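The basis for the numbers below is simple: all heavy atoms, side chains too, and nothing from hydrogens, waters or symmetry mates. Quick caveat: nothing in here was measured; it's all calculated off a predicted structure. Chain naming here is simple, since letters A, B, ... match the order of the sequence lines and numbering starts at 1 in each.
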Number of protein chains: 2
Amino acid sequence: MARRPTVTSVQIAREAGVAQSTVSRVLNGGSVAPETRRRVLEVVAKYDFQPSQAARSLVGSRSGLIGVVIRDLTNPFYPVMVKAMERVLHEQGMRLTLVTDVMTAEEGLAQLRREGVDGVVFTSALQDEPLAHRTAGHGIPVVLVHRTLEDFPADQVEADNPTAGELAAEHLLGLGHRRIAMVCGLAGSSTAQQRGRGFRDRMRAADGAALTEIDGDYDYDTAYAAVRTLLAGPERPTALYCHNDVMAYAALNAAAAEGVDVPGELSVVGCDDVPLSAWERIDLTTVRQPLERIAQVGVELLLGRIEDPELPHRHEVLPVEFVGRSTTGPA
Amino acid sequence: MARRPTVTSVQIAREAGVAQSTVSRVLNGGSVAPETRRRVLEVVAKYDFQPSQAARSLVGSRSGLIGVVIRDLTNPFYPVMVKAMERVLHEQGMRLTLVTDVMTAEEGLAQLRREGVDGVVFTSALQDEPLAHRTAGHGIPVVLVHRTLEDFPADQVEADNPTAGELAAEHLLGLGHRRIAMVCGLAGSSTAQQRGRGFRDRMRAADGAALTEIDGDYDYDTAYAAVRTLLAGPERPTALYCHNDVMAYAALNAAAAEGVDVPGELSVVGCDDVPLSAWERIDLTTVRQPLERIAQVGVELLLGRIEDPELPHRHEVLPVEFVGRSTTGPA
DNA sequence: CTGAAAGCGCTTACAG
DNA sequence: CTGAAAGCGCTTACAG
């Protein structure tokens with residue numbers, strides 16, 4: 001396999017009658033005489049010259065690459081985030097490299113190191129996740145987005161998840177529900193812990209309220225199976241609080257499969273407010289978190305830290321908002 | 001910004017007491033004495049050494065990077081494809097770089113050239129799309145996946161879309177529908193053209209069948225607005241054939257918004273069979289195309305071509321399958 | 001089997 | 001403002 005012929009800065013220089021370093025200066029904004037600049041740019045345009053990223057990142061101090069760790073890309077939550085991050089990065093002339101669940105955490109870290117990323121965004125960190133710690137351990141700037149880790153020495157951005165749980169509980173209790181089940185997200189995730197805590201706190205304050213908790217792992221299939229079992233069982237709850245929208249969809253569908261009317265016999269509340277949730281066929285009552293904003297702030301914090309590693313760590317908590325729709329009703 | 005200290009092959013060599021080129025040979029499978037190999041690997045393991053991709057792709061003939069052009073990542077169709085492609089690439093030790101709609105086609109091509117991709121997968125080519133042509137023009141191997149281009153000199157993989165259209169028409173006609181509307185995908189896309197053609201062909205063979213065509217652009221919002229207008233109008237059809245599932249969801253939701261019962265007053269057929277379509281709340285009658293298989297075959301063809309550019313071009317057409325669910329009923 | 005050397009395409013001091 | 005030169009971290013002939 002011969003490498004296909006690509007125009008290099010040396011060829012541009014030769015044709016423009018300048019030194020190769022002058023081409024570099026023109027492209028990177030060094031001081032160049034207007035006439036020289038014009039001549040170089042003309043040749044650059046003629047060949048639509050694109051400087052090699054490999055060479056650039058090899059010699060420069062930056063690769064212009066940001067790693068984004070997203071385990072499950074099929075959760076509709078994440079494409080929205082990816083898009084928001086790409087937008088910010090693209091404005092800065094930077095690129096994004098994805099680490100998904102096709103590879104192990106180990107392989108993911110190796111990948112990020114080989115690619116020489118300037119920083120990494122973690123979107124789904126778990127308490128026992130070694131990847132974020134080890135990445136930071138290699139001196140790579142890290143930001144934790146959406147899910148956070150207590151005492152982790154890095155910038156972090158998340159929604160006000162305890163309040164999200166409280167708002168959900170308040171809503172259901174206000175409708176008169178007392179036999180409630182909570183479909184929990186991944187045990188090691190901060191979001192599940194915080195949303196669970198907020199919900200439980202409000203529940204405890206209510207008279208005669210009984211809370212059952214089941215594991216949904218933030219996964220459609222897991223939640224679907226768990227909710228079907230629950231609904232087919234003896235002590236069917238009158239309301240369900242799901243730690244994310246995807247599990248709420250699973251609950252809605254499980255209810256349909258079991259012939260349980262929503263919201264007549266069962267109320268369902270989610271968390272996230274993914275675009276899907278507004279669909280008439282779904283119309284999910286949920287708690288909105290500012291997905292795009294979280295992604296955007298996360299990338300901005302990371303870029304700021306890459307610029308200045310000495311900045312004090314910031315931990316942003318963004319407000320959530322209750323969104324009442326038609327999957328909830330009186331007990 | 002100082003570059004953070006990274007272990008290099010020179011340091012590994014020094015500590016192992018060998019030449020740097022020997023380290024390279026150990027890592028890339030050259031001939032090395034067992035004892036030498038052992039010593040080198042020991043040091044490699046000690047530092048968890050990861051060779052720089054930048055250096056490697058600068059000097060080598062391959063970057064190990066494959067560009068994947070996906071315009072709209074939020075269509076649930078695409079994450080499934082990305083995952084399938086990542087899986088194949090990861091097995092080959094290769095990586096994927098995404099080009100989405102945060103950048104223009106122009107910027108996308110520039111990006112791919114700067115990154116020195118070994119090849120590019122186009123998943124949403126349009127007839128007037130210059131990007132695929134120009135990419136190939138730069139000598140970069142290209143494969144067209146899902147959407148194809150007639151007479152394009154490259155490997156192509158698609159579903160049997162004409163048959164998809166025919167199956168949908170057959171189903172609706174068989175249920176007695178005669179006043180039918182077709183919600184069309186992007187005008188310049190092969191899928192919309194082929195699915196439309198297949199559907200029209202069958203329609204023409206049916207007595208007294210009237211077909212209205214409206215533009216949905218493969219976009220949820222566009223299709224939603226168009227279907228609401230259609231349903232609110234005077235000559236409401238009894239059935240809808242949508243060129244993809246996302247527009248069918250829009251149609252389902254638009255019907256709900258207009259108070260039109262599905263399938264009682266309106267039947268809806270989609271195309272794709274994205275996982276979502278099987279949800280009880282959606283339960284869309286559709287025509288399945290083998291998403292993952294298309295993605296997989298596409299990447300395999302591309303890798304084969306990179307290996308041997310002289311291979312004759314292949315054009316694979318994969319079978320589709322009708323999936324009857326509950327959004328369709330008798331006229 | 002192994003080492004010394006060239007070179008990939010750039011950026012970045014360093015002179016002038 | 002501009003050029004000559006060093007060097008980023010590798011792979012790949014080329015000797016031995």
Is any NZ, NE, NH1 or NH2 atom of the basic residue among [X] and [Y] found under 4.0 Å from an Asp or Glu carboxylate oxygen of the other?
X	Y	answer
A:K46	A:E42	no
B:E310	B:R305	no
B:D72	A:K83	yes

Inset, instruction - Rounded off to whole Å, could you give me the CZ-to-P distance for the B:R56 and D:dC8 pair? - result: 19 Å
Please list, for nucleotides 2-4 of chain D, all pairs of protein and nucleotide N/O atoms separated by less than 3.5 Å.
unit_1	atom_1	unit_2	atom_2	d
D:dT2	OP1	A:T36	OG1	2.4
D:dT2	OP2	A:A33	N	2.7
D:dT2	OP2	A:T36	OG1	3.4
D:dG3	OP2	A:A19	N	3.0
D:dG3	OP2	A:T22	OG1	2.7
D:dG3	N7	A:S21	OG	3.4
D:dG3	N7	A:R25	NH2	2.9
D:dG3	O6	A:R25	NH2	2.8
D:dA4	N6	A:S21	OG	3.1

Inset, instruction - Give the dot-bracket string for DNA chain D, reading 5' to 3', where a pair is Watson-Crick or G-U wobble with both distances under 3.5 Å, ( ) marks pairs inside the strand, [ ] marks pairs crossing earlier ones, | marks a partner on another strand, and . marks unpaired. - result: |||.||||||||.|||
Legend entry - Ring centre gap for B:H146 and B:F122 strictly below 6.0 Å: no
Inset, instruction - Please check if the distance between the ring centroids of A:F152 and A:H313 is under 6.0 Å. - result: no
Inset, instruction - Give the C-alpha distance, both sets of side-chain angles, the deciding distance and a yes or no for salt bridge (charged side-chain N to carboxylate O under 4.0 Å, His left out) between B:E115 and B:R113. - result: CA-CA 5 Å; B:E115 296 183 306; B:R113 293 211 290 139; over 6 Å; no
Inset, instruction - Using modelled atom types only, decide if a donor and an acceptor are shared between the side chain of A:D118 and the backbone of A:S63 within a distance under 3.5 Å. - result: yes
Inset, instruction - Would you check, one step at a time, whether the test salt bridge (charged side-chain N to carboxylate O under 4.0 Å, His left out) holds for A:E106 with A:R134? - result: CA-CA 10 Å; A:E106 198 64 37; A:R134 295 191 42 208; 3.0 Å; yes
Legend entry - Listed nucleotide nearest any side-chain atom of B:L58, set C:dC8, D:dC10, C:dC10: C:dC8
